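Keep in mind the model is a prediction, meaning the values are calculated, not measured.
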Amino acid sequence: MHSWNEEHIRLLAYELWLLEGCPEGRADEHWDRAIKMMADEDRKRGVGDLSVPLNMHHS
């Protein structure tokens with residue numbers, strides 16, 4: 001079980017987008033980076049099932 005959900009990913013991706021000056025056309029990059037950042041944090045804390053692939057994508 002992961003300690004995050006789609007809303008957490010969306011908020012972090014939005015924060016990344018803002019920090020980078022709101023660039024257009026990079027939503028997928030920010031989404032993927034948010035997932036990676038959250039998964040990395042889970043690994044550091046020993047949370048989550050690391051055998052599950054991180055291939056969640058937004059619509």
Side-chain angles (χ1 to χ4, degrees):
M1 183 80 175
H2 298 288
S3 65
W4 38 268
N5 61 33
E6 188 172 332
E7 185 62 22
H8 290 114
I9 298 166
R10 183 178 292 114
L11 290 171
L12 181 53
Y14 179 70
E15 184 177 322
L16 292 169
W17 178 72
L18 288 174
L19 289 171
E20 291 185 9
C22 308
E24 294 297 320
R26 294 179 48 204
D28 287 341
E29 177 185 330
H30 293 113
W31 185 266
D32 292 341
R33 282 180 50 209
I35 290 173
K36 182 181 182 322
M37 288 172 69
M38 295 178 94
D40 288 348
E41 185 62 30
D42 277 356
R43 282 186 194 95
K44 288 178 190 173
R45 293 185 295 134
V47 177
D49 179 356
L50 302 181
S51 66
V52 177
L54 297 174
N55 59 358
M56 296 172 36
H57 288 282
H58 65 289
S59 305

Sorted by chain and residue number, the side chain to side chain contact (heavy atoms under 4.5 Å, CB included) partners of Ala13 (sequence neighbours excluded) come out as His30, Trp31, Ala34
Excluding Trp17, membership of its hydrophobic cluster (Ile, Leu, Val, Met, Phe, Trp, Tyr; side-chain heavy atoms within less than 4.5 Å) reads Tyr14, Leu18
With sequence neighbours left out, the residues meeting salt bridge (Lys or Arg N to Asp or Glu O under 4.0 Å) with Glu7 are Arg10
Those residues at least two apart in sequence (or on a different chain) that pass salt bridge (Lys or Arg N to Asp or Glu O under 4.0 Å) with Glu20 are Arg26, Arg33
CG of Leu12 to CE of Met38, rounded to nearest 0.5 Å, is 6.0 Å
Short N-O contact, Asp32 and Lys36, less than 4.0 angstrom: no
Students should find that the hydrophobic cluster of Leu11, defined by side-chain heavy atoms under 4.5 Å apart, otherwise consists of none
Sorted by chain and number, sequence neighbours left out, side chain to side chain contact (heavy atoms under 4.5 Å, CB included) with Leu19 holds for Glu15
